[in-house]
Enquirer: 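Questions regarding the structure given below will be posed in turn.
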Amino acid sequence: MSIVAISETVGSQGTELGRVLAAALGWEFADREIITKAAESFGEGVSELRHATEEKPTLWDRFRESQQRYAAYVEATVLEMAARDNVVLVGRASTVILRDVQHALRARVIAPEHARARRIEQQQGLTPEAAHASVRHADHDLAARVRFLYHVDWEEPLLYDVVINTERLSVPRAVAMLREMLADDRFASTEGPRQDLRDRSLAASARAKLLANPTTRSTAITVTATAGTVDLIGRVTSEAERQAAEAAVARIPGVVGVRNALIAHAGAVDDRAHGQFRHGEERSWGGYGGGWYERARDRRD
């Protein structure tokens, strides 16, 4: 089992390569489906998420917290799909998001501008000039967005395990090469790295859920996950907010427990709600709302 993440330039045939590879392996494939799933999971519009992850950030975007929130939704979706293993992901900065996952094969698919423009011209019926302009514009926008969100240059070779030039290498040959690379033990997932990725996915989903909830959106909450149990650490403005954060995280599929070490500010606690858990005491839920409790333990982030 493994993961393939592909970064493509417009007209490079990266999506086609990814689809053929997924079909040959019998794996799941996701490209724009990542955006659709993120929109459905977190209640946002597809166009907003697409702009936040694919288009050049405007000056106004740099001051809008919503852009980072939208990126968190897409990142959580990429990690959720990757944690299931046996998946080919194309675009949406998946190669950057998964750069520390040892069993993820990260490929960059490129071709010279003239070759990509010719393909775009044929596919979309554009003039040669319009096709070249479209390719350059898309390259500039995507590079700017990746730099804005992740502070990396998407053309940095060390972000990838392999760079494929489809002007020189056909899609079938590229697929065969990637399948050969996947046979290497270095890209085989083992239980330890798989669990690490599942925990990272749960933590990302928890952060995204907290950002999606207007009640908890503005609060800085540190989220970590270990063996399916999510830890929440930080200060909130009220007991209601504390409980809302716990409830949102407890509903995430795969979460087996929540250790809630959030502290409600003095004077802002709802005296009617679980007074025994106020001011730093921890309330832990098993599964999606079990009944076991324990005091908070000191944890390092």
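No experiment lies behind these values; they were computed from the predicted model shown. Numbers here are sequence positions counted from 1.
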Enquirer: Indicate the atoms forming the closest heavy-atom contact of R99 with V152, along with that distance.
Expert: NH1-CG1, 3.2 Å
Enquirer: Looking only at heavy atoms, which two atoms of V4 and W27 are closest? And how far apart?
Expert: CG2-CZ3, 4.0 Å
Enquirer: How close do M181 and D161 get, counting heavy atoms only, and between which atoms?
Expert: CE-O, 4.2 Å
Enquirer: For a quick test of reading the model, state the closest non-hydrogen atom pair linking A39 to V46 and the distance between them.
Expert: CB-CG2, 3.8 Å
Enquirer: Thinking salt bridges, do K37 and E40 make one under a 4.0 Å N-O criterion?
Expert: no
Enquirer: So does H114 have more than 12 non-hydrogen atoms from other groups sitting under 6.0 Å from NE2?
Expert: yes
Enquirer: Looking only at atom types and distance, does a side-chain atom of R119 sit under 3.5 Å from a main-chain N or O of G11, one as donor and one as acceptor?
Expert: yes
Enquirer: Is it the case that more than 12 heavy atoms not belonging to R136 sit under 6.0 Å from its CZ atom?
Expert: yes
Enquirer: For E113 and H132, which heavy atoms make the closest approach, and how far apart are they?
Expert: OE2-ND1, 3.2 Å
Enquirer: Is there a donor-acceptor contact under 3.5 Å from the side chain of R92 to the main chain of D31?
Expert: yes
Enquirer: I want to check something: taking the side chain as every heavy atom from C-beta on, are I97 and L89 in contact at a cut-off of under 4.5 Å?
Expert: no
Enquirer: Calculate, to the nearest 0.5 Å, the distance between atoms CG and OG1 belonging to L202 and T224 respectively.
Expert: 11.0 Å
Enquirer: If only atom types and distance count, is the side chain of S2 paired as donor or acceptor with the main-chain N or O of H103 below 3.5 Å?
Expert: yes
Enquirer: I'd like to know if R116 and D139 make a salt bridge, using a cut-off of under 4.0 Å between side-chain N and carboxylate O.
Expert: yes
Enquirer: With side-chain contact (heavy atoms from CB on, under 4.5 Å) as the criterion, how do E16 and E8 come out once you've worked through the C-alpha distance, each side chain's angles and the decisive distance to 0.1 Å?
Expert: CA-CA 10 Å; E16 179 185 348; E8 68 167 349; over 6 Å; no
Enquirer: Would a distance-only check, ignoring hydrogens and angles, find a side-chain to backbone donor-acceptor pair under 3.5 Å from Y160 to W154?
Expert: yes
Enquirer: Give a yes-or-no answer on whether the side chains of S7 and R108 include a donor-acceptor pair shorter than 3.5 Å.
Expert: yes
Enquirer: What's the spacing between E239 CD and L262 CG if we round to 0.5 Å?
Expert: 9.5 Å
Enquirer: May I have the step-by-step check of side-chain contact (heavy atoms from CB on, under 4.5 Å) for K209 and F42, ending in yes or no?
Expert: CA-CA 7 Å; K209 286 294 184 183; F42 299 102; 3.9 Å; yes
Enquirer: First locate atom CG of N86, then atom CG of L182, and finally report the distance between them rounded to the nearest 0.5 Å.
Expert: 9.5 Å
Enquirer: Show, in sequence, the C-alpha distance, side-chain angles and deciding distance for I110 and I164, and conclude whether the side-chain contact (heavy atoms from CB on, under 4.5 Å) test is met.
Expert: CA-CA 6 Å; I110 63 170; I164 298 171; over 6 Å; no
Enquirer: Could you check whether any side-chain N or O of R19 sits under 3.5 Å from a backbone N or O of F29, counting only pairs where one atom can act as donor and the other as acceptor?
Expert: no
Enquirer: Please check: side-chain N/O of D85 versus main-chain N/O of I3, any donor-acceptor pairing under 3.5 Å?
Expert: no
Enquirer: Measure the shortest side-chain to side-chain distance between V230 and V255 over non-hydrogen atoms and say whether it is less than 4.5 angstrom.
Expert: yes
Enquirer: Quick check: are there more than 12 heavy atoms from other residues, nucleotides or ligands sitting under 6.0 Å from CZ of R217?
Expert: yes
Enquirer: Would you say L105 and V163 are hydrophobically clustered, going by side-chain heavy atoms of ILVMFWY under 4.5 Å?
Expert: no
Enquirer: Residues two or more places apart in sequence or in another chain: which of them pass side chain to side chain donor-acceptor pair (under 3.5 Å) with R198?
Expert: E191, Q195
Enquirer: Can you see which heavy atom on P128 is nearest to which on E121, and at what distance?
Expert: CG-OE2, 3.6 Å
Enquirer: With a 4.5 Å cut-off on side-chain heavy-atom distances among I, L, V, M, F, W and Y, is there a chain of contacts connecting V78 to V90?
Expert: no
Enquirer: Assess the residue pair L79 and L98 against the criterion (side-chain contact (heavy atoms from CB on, under 4.5 Å)); give the C-alpha distance rounded to whole Å, side-chain angles, the decisive distance to 0.1 Å, and a yes or no.
Expert: CA-CA 8 Å; L79 287 168; L98 300 174; 3.8 Å; yes
Enquirer: I need the S134 OG to E129 CD distance, nearest 0.5 Å.
Expert: 13.0 Å
Enquirer: Does T77 use its side chain to pair, donor to acceptor, with the backbone of Y73 at less than 3.5 Å?
Expert: yes
Enquirer: May I ask you to decide if A212's main-chain N or O and R69's side chain share a donor-acceptor pair within less than 3.5 Å?
Expert: no
Enquirer: When you measure from the side chain of T216 to the backbone N and O of A245, does any donor-acceptor pair fall under 3.5 Å?
Expert: no
Enquirer: Any chance you could measure S189, atom OG, to D196, atom CG, to the nearest 0.5 Å?
Expert: 11.5 Å
Enquirer: Would you find a donor on one side and an acceptor on the other, under 3.5 Å apart, between the side chain of Q124 and the backbone of L126?
Expert: no
Enquirer: Do I6 and V135 belong to the same hydrophobic cluster, where Ile, Leu, Val, Met, Phe, Trp and Tyr are linked whenever their side-chain heavy atoms lie under 4.5 Å apart, directly or via other members?
Expert: no
Enquirer: Same cluster or not: are V109 and V87 linked, directly or through other Ile, Leu, Val, Met, Phe, Trp or Tyr residues, by side-chain heavy atoms under 4.5 angstrom apart?
Expert: no
Enquirer: Report the distance from atom CG of D153 to atom CZ of R147, rounding to the nearest 0.5 Å.
Expert: 7.0 Å
Enquirer: Using the rule that Ile, Leu, Val, Met, Phe, Trp and Tyr join whenever any side-chain heavy atoms are under 4.5 Å apart, tell me whether V101 and L21 fall into a single cluster.
Expert: no
Enquirer: Can you tell me if E80 and S205 form a side-chain donor-acceptor pair at under 3.5 Å?
Expert: no
